[in-house]
Every structure is written in structure tokens, then in C-alpha cells.
Amino acid sequence: MTSNVAIVTGASSGIGAATARRLAEHGASVALVARRADRLDELALEIENAGGVALAVEADITDRAQAEAAVQQVVERLGRLDILVNNAGLMLLGPIVGADAEEWDRMISINVQGLLSMTRAALPHLLQAADDGGRRVADIVNISSIAGRVAWNGYGVYNLTKFGVNGFTESLRQEVTQRHVRVGVLEPGGVATELASHNSPEIHREMITPFLEQTEILAPEDIADGVAYMVTRPRHASIGELWIMPTDQA
Ligand SMILES: NC(=O)c1ccc[n+]([C@@H]2O[C@H](COP(=O)([O-])OP(=O)(O)OC[C@H]3O[C@@H](n4cnc5c(N)ncnc54)[C@H](OP(=O)(O)O)[C@@H]3O)[C@@H](O)[C@H]2O)c1
């Protein structure tokens, strides 16, 4: 995939950073999108020092204008867009009874509205890339979660956002697959990243620590390998859904 251009949202940490590194190793030029510019600059430098091409794009994707400007900047600077990895996300756990509605809004605005804004802005460019030269293909990979298939007590609104991402992915796949834009969802189990760190000490004590004590955990690189697998399939093969689970949960 030597001449491909990829956008990875949430590339400032965890799964996004690992995915950006992996796609760059496969020869893609990688646009790194997130809010923490210092981390994006550091990763871009690392990728360039390893011989790759990277562009740091600071954006808050919950703001539709910033999401659109980010995609525009990538196409202007890197010339095209072949792959969109919608990875940015937030997980805040806890009971629905007595919940803080502001936390729900933050999760919905990142996990759902941010993904929609990036997808909407990227689609015309992805369709154009897939149409270019007749033998190309473009890809959208949405990083959902096993929480997009299974609901648990305390995961309520996180479950809502990820079930929504799964349904949207399937609908969009049916709309654009014949135009050679492959749309797939990747559903990881537990991965060692900063994702849980935004929760309160009580939630860590009651939900997160007990979970971590009783299960194996994946590495961000395991998920990056899954993304790379999906976007490097031959043109005729589209991966609609990929689960990656720790062995003891599979
Ligand atoms: N870790 C797990 O166990 C696990 C399991 C299943 C699925 N997932 C999913 O995997 C994805 C990546 O999560 P992770 O585990 O790698 O967590 P993470 O380390 O917390 O990464 C989240 C990323 O999202 C970015 N982000 C958050 N809000 C943003 C915004 N408004 N605009 C742009 N970027 C934003 C963050 O960057 P900035 O803060 O710099 O903006 C960060 O790079 C998420 O969708 C998550 O739901 C994770």
C-alpha cells in the first residue's frame, strides 16, 4: 500500500498511536489527529525518523468544523485519502441512576458525533480514491468494542455509543461497498491504554481494578495488527467485522 494516505483519529495515545506506527511501517503516509499536539508532534517525528511520512493535525473532532478542516488539511498536504481509522474514544463507566449527564454528552460527542463528522468529511475523498485508476480500494475502519456487542451493568452509555457505531458501520458498508470503499468494524476486548484513566477513583475501585485482576489484557499493537490486516486485504475481500479478544475471554 505504498502510496496510500491514512487518517488515524486519537493517534496521541493507545490504540491510535500503535495503529499509526503500524500503517506507516506498511508504507502509508499517516495523518495523526487528536487534541494533544505535543504528543502528535513526537509521534510524527518518530515515524519520520524511521523513514515514514507523518502529518500531525491538531483537532477536536467533536467540533464538526474542526473535523472537516482536519480532513481538508490532510488532502491538501498529502494529496489524497485512502484510509480512515475512526479510533478516538472515551469510556466513562457507572450506574445510570444518579449519573452525570455531562459525562454522557462527552462520550456521545466523541464516540458518535466525532466519528460521524470525520466519516462525512472523508467520504467524498475515499470514494474518489477508490474510483481512481479502477483497481484501487479505500477503507474505513471503525474501532468499536466488544461493548458494541455485549452489554454489562455499569457500561450503559458506553454500550449505547458502541452498539450505535456497529449499526452505523453495517449500514454504511452496504451503501458504499459496491463503490469499493470497504467499511468494517474492529471490536477489541480489554486493551492496556489510557482509556480507563478518565474514570473516578470509585469506579476504578469497584469496576476497573476487579476486571483487570481477573482477565488477560491485550496490547495496543494487537489491535494495530488487526487494522493493518483489514486494510491490506486484496481488493475483492472486505472484512466487515473483526473481534480481537484476550485468549482467556475468547
Ligand atoms: N482500551 C480498551 O480496553 C478498549 C477496548 C475496546 C475498544 N476500545 C476503543 O479503542 C479506541 C481507542 O481507545 P484507547 O484504548 O487507545 O484509549 P486512549 O489511550 O484513551 O485513546 C483515546 C484517544 O482519543 C483521542 N480523543 C479523545 N477525545 C478526542 C477529541 N474530542 N478529538 C480528537 N481526539 C480525541 C485522545 O486524544 P487527545 O486526548 O489528545 O485528544 C486519544 O488519543 C476507543 O474508541 C475505545 O473505545 C478500547
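Just so you know, ligand 1 is whichever comes first in the structure, and atom 1 is the first atom listed for that ligand.
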*Asks:* Give the residue and atom name of whichever protein heavy atom lies nearest to atom 14 (P) of ligand 1, and the separation in Å to one decimal.
*Replies:* Thr193 OG1, 3.4 Å
*Asks:* For Thr119 and Asn86, test the side chains for any donor-to-acceptor distance below 3.5 angstrom and give the result as yes or no.
*Replies:* yes
*Asks:* Donor-acceptor check, side chain of Arg233 to backbone of Tyr229, threshold 3.5 angstrom: yes or no?
*Replies:* yes
*Asks:* Check contact between Gly114 and ligand 1, using heavy atoms of the residue and a distance below 4.0 angstrom.
*Replies:* no
*Asks:* Is there at least one pair of N or O atoms, one from Gly10 and one from ligand 1, spaced under 3.5 Å apart?
*Replies:* yes
*Asks:* Would you check whether Ser145 has a nitrogen or oxygen atom less than 3.5 angstrom from a nitrogen or oxygen atom of ligand 1?
*Replies:* no
*Asks:* Heavy-atom pairs closer than 4.0 Å: do any link ligand 1 to the side chain of Ser197, the backbone, both, or neither?
*Replies:* neither
*Asks:* Taking salt bridge (Lys or Arg N to Asp or Glu O under 4.0 Å) as the test, write out the residues that go with Asp139, two or more places apart.
*Replies:* Arg182
*Asks:* Quick one: which of Thr9, Ile146, Ile208, Asp60 has a heavy atom closest to atom 31 (N) of ligand 1?
*Replies:* Asp60
*Asks:* Using a 4.0 Å cutoff against the non-hydrogen atoms of Gly14, which atoms of ligand 1 qualify?
*Replies:* 16 (O), 19 (O)
*Asks:* Are Glu241 and Asn166 linked by a side-chain donor-acceptor pair shorter than 3.5 Å?
*Replies:* no
*Asks:* Would you mind listing which atoms of ligand 1 come within a distance below 4.0 Å of any non-hydrogen atom of Ile143?
*Replies:* 9 (C), 10 (O), 11 (C), 45 (O)
*Asks:* Just need the protein heavy atom nearest to atom 27 (C) of ligand 1, so name the residue and atom and give the distance.
*Replies:* Arg35 NH2, 3.4 Å
*Asks:* Below 3.5 angstrom, do we get any N/O pair linking Pro188 and ligand 1?
*Replies:* no
*Asks:* Atoms of ligand 1 less than 4.0 Å from Gly189 heavy atoms?
*Replies:* 3 (O), 5 (C), 6 (C)
*Asks:* Report, in ascending order of atom number, the atoms of ligand 1 lying under 4.0 Å from any heavy atom of Gly190.
*Replies:* 3 (O)
*Asks:* Between Arg22 and Glu25, does the salt bridge (charged side-chain N to carboxylate O under 4.0 Å, His left out) criterion hold? Intermediate values first, please.
*Replies:* CA-CA 5 Å; Arg22 191 64 89 244; Glu25 284 163 13; 3.1 Å; yes
*Asks:* Is the closest side-chain donor-acceptor distance between Thr169 and Asn142 under 3.5 Å?
*Replies:* yes
*Asks:* For atom 2 (C) of ligand 1, find the nearest protein heavy atom and state the residue, atom name and distance (0.1 Å precision).
*Replies:* Val191 N, 3.5 Å
*Asks:* Should you measure from each heavy atom of Ile110, which atoms of ligand 1 turn up under 4.0 Å away?
*Replies:* 28 (N), 31 (N)
*Asks:* Distance only, no hydrogens: is a donor on one side chain within 3.5 Å (strictly under) of an acceptor on the other, for Gln174 and Glu170?
*Replies:* yes
*Asks:* Please work out which of Ile223, Leu212, Ile61, Asn87 has its closest non-hydrogen atom nearest to atom 45 (O) of ligand 1.
*Replies:* Asn87
*Asks:* Test Arg36 against every option in Glu42, Glu58, Glu194 by the salt bridge (Lys or Arg N to Asp or Glu O under 4.0 Å) rule and name the one that passes.
*Replies:* Glu194
*Asks:* Hey, is the main chain of Thr161 close enough, under 3.5 Å, to the side chain of Asn111 for a donor-acceptor pair?
*Replies:* no
*Asks:* Measuring only between side-chain heavy atoms, which start at C-beta, is Val33 closer than 4.5 Å to Ile61?
*Replies:* yes
*Asks:* Run the numbers for me: atoms of ligand 1, each under 4.0 Å from some heavy atom of Thr62, listed by number.
*Replies:* 31 (N)
*Asks:* Would you check if there is a donor-acceptor pair between the side chains of Arg80 and Asn4 at a distance under 3.5 Å?
*Replies:* no
*Asks:* Just how far is it from atom CH2 of Trp243 to atom OG of Ser144, taken to the nearest 0.5 Å?
*Replies:* 12.0 Å
*Asks:* How many angstroms lie between atom CD1 of Ile96 and atom CG of Asn153, to the nearest 0.5 angstrom?
*Replies:* 9.0 Å
*Asks:* Closer than 4.0 angstrom: is that true for some heavy atom of Arg39 and an atom of ligand 1?
*Replies:* no
*Asks:* Under 4.0 angstrom from ligand 1, any heavy atom of Ala192?
*Replies:* no
*Asks:* Starting from atom 22 (C) of ligand 1, find the nearest protein heavy-atom neighbour and note its residue, name and distance.
*Replies:* Gly89 O, 3.7 Å
*Asks:* Provide the number and element of each atom of ligand 1 under 4.0 Å from a heavy atom of Ala59.
*Replies:* 32 (N), 33 (C)
*Asks:* Which one holds for Glu187 and ligand 1: side chain close, backbone close, both close, or neither close, with close meaning a heavy atom under 4.0 Å?
*Replies:* neither
*Asks:* Any side-chain donor paired with an acceptor under 3.5 Å for Arg235 and His180?
*Replies:* yes
*Asks:* Please write down residue, atom name and distance for the protein heavy atom closest to atom 21 (O) of ligand 1.
*Replies:* Ser13 OG, 3.1 Å
*Asks:* Applying salt bridge (Lys or Arg N to Asp or Glu O under 4.0 Å), name anything that partners Arg77, two or more places apart in sequence or on another chain.
*Replies:* none
*Asks:* Using distance alone, decide if ligand 1 has a nitrogen or oxygen within less than 3.5 Å of any nitrogen or oxygen in Ile15.
*Replies:* yes
*Asks:* Among protein heavy atoms, which sits nearest to atom 47 (O) of ligand 1, and what does the distance come to when rounded to 0.1 Å?
*Replies:* Tyr158 OH, 2.6 Å
*Asks:* Of the protein's non-hydrogen atoms, which lies at the shortest distance from atom 43 (O) of ligand 1, and what is that distance?
*Replies:* Ser12 OG, 2.8 Å
*Asks:* To the nearest 0.5 angstrom, please state how far the CZ atom of Arg39 sits from the OG atom of Ser12.
*Replies:* 6.0 Å
*Asks:* Which of the listed options, Thr19, Leu195, Ile244, Asn111, holds the heavy atom that is closest to atom 48 (C) of ligand 1?
*Replies:* Leu195
*Asks:* Considering only protein heavy atoms, which is closest to atom 35 (C) of ligand 1, and at what distance to one decimal place?
*Replies:* Ala88 CB, 3.7 Å
*Asks:* With a 4.0 Å cut-off on heavy atoms, is Leu90 in contact with ligand 1?
*Replies:* no
